[in-house]
Amino acid sequence: MQIYMIEPDMTMECTTQAEPFAHTVKAKLESYVSVNCVNSFNINMYEGEINENSFIILFNDKSDRKMSENIQNFLNTAKKKKTSIFPIALQKETRMPAEKIAEYQSYDVYEQLRCRNLEDTYLSSIAEDCVRKIISRTMPMLYSNSGLIFVSHRRLDGEEITANLCDRIKQQSKQSNVFRDIINVQVGEAAQNVIDKAMENSDAFLFIHTEKSAESVWIQKELKYALLKSIPVVWIRIENADISKLRIKPAENPNLEYHFSDFESEERLVKITDEILQTVFEAIMRRNREVFVYLNSIKSLFGDRIKEIQKTNLIYEVTVPRRNYQYPQRDIVQYFQLYGRTPLQTDIDNYKEIIRKKGVAYDSALILNNSYVERKNYDPIIGESWARFYDNWSRYLKGQGKEENMEIIISGAFPDGDEICKQSLTDALIIFASAVIRDGYCLTFGSHPTFQEIFFEVAKEAETNDSKQKLKMYISKWFEDQYTDQKEHFKMHANLIETQKKGSVEKSLSAMRKKMIQRRKEVAALICLGGKIKEDKSQEGIREEIRLAQEAKIPVFVAGTVGGCSSVVAAENKASGWKELNEAPWELNRMFMEDLDYFCIVRQLLDYLDR
């Protein structure tokens, strides 16, 4: 969708407030979509471009006298072409848009300030809220301003601050839909069923990390689910709660940190709420690039057999010849629609109507996103995960995946950097691990407290028959005192290989890495992601693992876009075409270094290894 912002001086006499507000809105929007600024020099050109897929932003004034003939013609054309129009009212007196567009509801900046009890000095915060509204309108398959936010908290020490926060969210963002178990589970209902349903329908998770959170198995379950389903988690630590006690961590460190007293001050709580809502939005939009990543992969899979039906609603048609039948048959015709958020019943009804109007015989219609635990039946629409949809078609078009019992080692550790960006590493690890197991390989990894539980769950979902046989977990006995109580748990979920401790933690880790990696007949590849960058390169674990793989002539693939040591190593090897790491095609190594399309990257890698 094309966005056009009419510059404030085109519709207003005084632009003192409007200019910085418009600048902030434009800058924030351009993180996700391009914005065309309409002025007196280009208005006639843009008038010829706008259509029903365009979106126009303009500022109201107290009267229409500033409206030039060009602006009036522009708005007339927009109405005729059924273009979306988004008027912004900065003052109470300008809530009514210009006469030409009087039927449109304005975005009310005055009301947004009033409900927060803020002065005009906080206009930049309101501009961020305005951007969220615009994105909800222009990218409806990716973000909804009313999407469900699941709040994960421990009642014992987090109930009061969570209640204050949720109440404040409803005041400052009236469309927001927040799930908190004590409020949303009704008397007499099966509480866990309601909570599970809410998790499945969530667009984001708020993890309120208080000191007693680590003791809750339910919070562990909720975090595990969110990470596996790529549901953005905003981690909020309260009063320096002990991170080391958490078995499941959304990232290396929290996104935001506060004190209990912050939630008692109304003025402070207003600012906290805006900070949290903006962080949730940014996390959702960062995650939603996966939609286009996946779309590119599926377009590559189907080639010219895929056709775009509705660009804005991300609806496509696939036509594929039927196989393995001796008499002539019509082609398989299938529709699918992509979502980055949870689809609502109205979405499903609209989808059905679009397909009905096509008037074409088809075999099935699917809604695809990444949060479906199992296949959904919306009669006649089917809800399916992206990965299962891709795998099913890949097997149909290309044949089955690998059946030999070979291993792929995945080495991952958080790099330094922004916490929201660090979640890219978790996303990549989950995508890589799931694809490796589904393709028939055994996933091998060195124990990492943050990732081991995630790998256990990935294996259970990808391989339902005997998930334990699809995981090998190496751990050094140097850490035996720390994992003794968990040893049986580890053995239930993976083939556990313990290695002997040596004279120091560094020597013990080196011994573990050597035993894990240097098995040429069993290991097909080593994949490295992230890792800390250290002044002494010899202390970087990823470099040691790469050296061990090179000695054993095991191909190494190094991800660049997750940051950390792996990004440095990938760049260092670019000049030589990564020949010292592997013998794979240059393009595959370039993808590993430069692309964010983890789904496509791992599919290309597996195709290469399976040759």
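These numbers were taken from a predicted model, which means no experiment stands behind them. Positions are given from 1 along the sequence. The figures that follow rest on heavy atoms only: side chains count, while hydrogens, waters and symmetry mates do not.
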Can you find a pair of side-chain heavy atoms, one from Cys600 and one from Asn296, that are under 4.5 Å apart?
-> no

Go through the steps for Val109 and Gln112 under the test side chain to side chain contact (heavy atoms under 4.5 Å, CB included), then give the verdict.
-> CA-CA 5 Å; Val109 175; Gln112 292 298 323; 5.5 Å; no

So, Asp61 versus Thr11: side-chain donor-acceptor pair below 3.5 Å or not?
-> no

Sidechain-backbone polar pair: Ser566 side chain, Ala559 backbone, donor-acceptor under 3.5 Å = yes

dist Ser31:OG -> Lys26:NZ (nearest 0.5 Å) comes out at 11.0 Å

Would you call the rings of Tyr258 and Phe263 parallel, tilted or perpendicular, where under 30° means parallel and over 60° means perpendicular?
-> perpendicular

Is it true that atom CD of Glu267 has more than 12 heavy atoms of other residues, nucleotides or ligands lying nearer than 6.0 Å?
-> no

Quick one: does Val291's side chain get under 4.5 Å of Met141's, heavy atoms only?
-> no

Could you check Gln278 against Asp274 for side-chain hydrogen bond (donor to acceptor under 3.5 Å, both in side chains), going step by step and ending with a plain yes or no?
-> CA-CA 6 Å; Gln278 184 61 22; Asp274 275 329; over 6 Å; no

Kindly check if the number of other-residue, nucleotide or ligand heavy atoms within 6.0 Å of NZ (Lys174) is above 12?
-> yes

Distance (rounded to the nearest 0.5 Å) between Thr24 OG1 and Leu29 CG | 10.5 Å

Distance-only side-chain donor-acceptor flag, Tyr107 / Asp129, under 3.5 Å | yes

Nearest non-hydrogen partners of Leu165 and Leu269, listed with the distance = CA-CD1, 4.4 Å

Flag, side chain of Tyr351 to backbone of Leu366, donor-acceptor distance under 3.5 Å | yes

Sole candidate of Asn350, Ile348, Ile355 that passes side chain to side chain contact (heavy atoms under 4.5 Å, CB included) when paired with Lys352 | Ile348

Supply the atom-to-atom distance Ser84 OG to Lys81 NZ, rounded to the nearest 0.5 angstrom.
-> 14.0 Å

When rounded to the nearest 0.5 angstrom, what is the spacing between CE in Met199 and CZ in Phe179?
-> 9.0 Å

Search all heavy atoms of Ser54 against all heavy atoms of Thr83 and return the closest pair with its distance.
-> O-CG2, 3.4 Å

Measure the shortest side-chain to side-chain distance between Leu75 and Met67 over non-hydrogen atoms and say whether it is less than 4.5 angstrom.
-> yes

Ring pair (Phe, Tyr, Trp, His ring centres under 6.0 Å) with Phe599: of Tyr390, Phe389, Phe292, Trp386, only one passes, and it is Tyr390

Within the distance-only criterion (no hydrogens, no angle test), does the side chain of Ser136 pair as donor or acceptor with the backbone N or O of Arg132 below 3.5 angstrom?
-> no

Please name the pair of heavy atoms, one in Gly560 and one in Ser567, separated by the smallest distance, quoted to 0.1 Å.
-> O-CB, 3.0 Å

Is there a side-chain contact between Gln337 and Ile354 (heavy atoms, below 4.5 Å)?
-> no

Starting from the C-alpha separation in whole Å, work towards a yes-or-no answer on side chain to side chain contact (heavy atoms under 4.5 Å, CB included) for Tyr110 and Glu93.
-> CA-CA 9 Å; Tyr110 174 85; Glu93 298 78 14; over 6 Å; no

What's the verdict on side-chain hydrogen bond (donor to acceptor under 3.5 Å, both in side chains) for Gln91 and Gln17, showing C-alpha distance, side-chain angles and the deciding distance?
-> CA-CA 10 Å; Gln91 292 91 26; Gln17 287 183 321; 2.6 Å; yes

Passing candidate, side chain to side chain contact (heavy atoms under 4.5 Å, CB included) with Leu142, options Leu314, Asp203, Ile135 | Leu314

Do Cys166 and Val151 come close enough that some side-chain heavy atom pair is under 4.5 Å?
-> yes

Could you check whether the rings of Phe281 and Tyr32 sit parallel, tilted or perpendicular, using 30° and 60° as the cut-offs?
-> perpendicular

Neighbour count >12 (heavy atoms, 6.0 Å) for atom CD, Glu69 = no

Supply the atom-to-atom distance Tyr335 OH to Ile381 CD1, rounded to the nearest 0.5 angstrom.
-> 11.0 Å

Anything under 30° is parallel, anything over 60° is perpendicular, the rest tilted; go ahead and classify Phe21 against Phe59.
-> perpendicular

Can you see which heavy atom on Ser106 is nearest to which on Arg95, and at what distance?
-> OG-O, 2.8 Å

Going through the distances and angles, do Arg237 and Glu257 end up as a salt bridge (Lys or Arg N to Asp or Glu O under 4.0 Å)?
-> CA-CA 5 Å; Arg237 183 162 70 145; Glu257 300 196 45; 3.0 Å; yes

Is any side-chain heavy atom of Asp427 less than 4.5 Å from a side-chain heavy atom of Arg286?
-> yes

Distance col, row Leu256:CG vs Thr279:OG1, nearest 0.5 angstrom, shows 4.5 Å

Step by step, would you call Lys170 with Asp167 a salt bridge (Lys or Arg N to Asp or Glu O under 4.0 Å)?
-> CA-CA 5 Å; Lys170 293 301 293 182; Asp167 289 346; over 6 Å; no

Any side-chain heavy-atom pair of Leu605 and Ile527 under 4.5 Å = yes

CD of Gln171: more than 12 outside heavy atoms within 6.0 angstrom?
-> yes

Report yes if some heavy atom in the side chain of Asp262 is under 4.5 Å from a heavy atom in the side chain of Arg268; otherwise report no.
-> yes

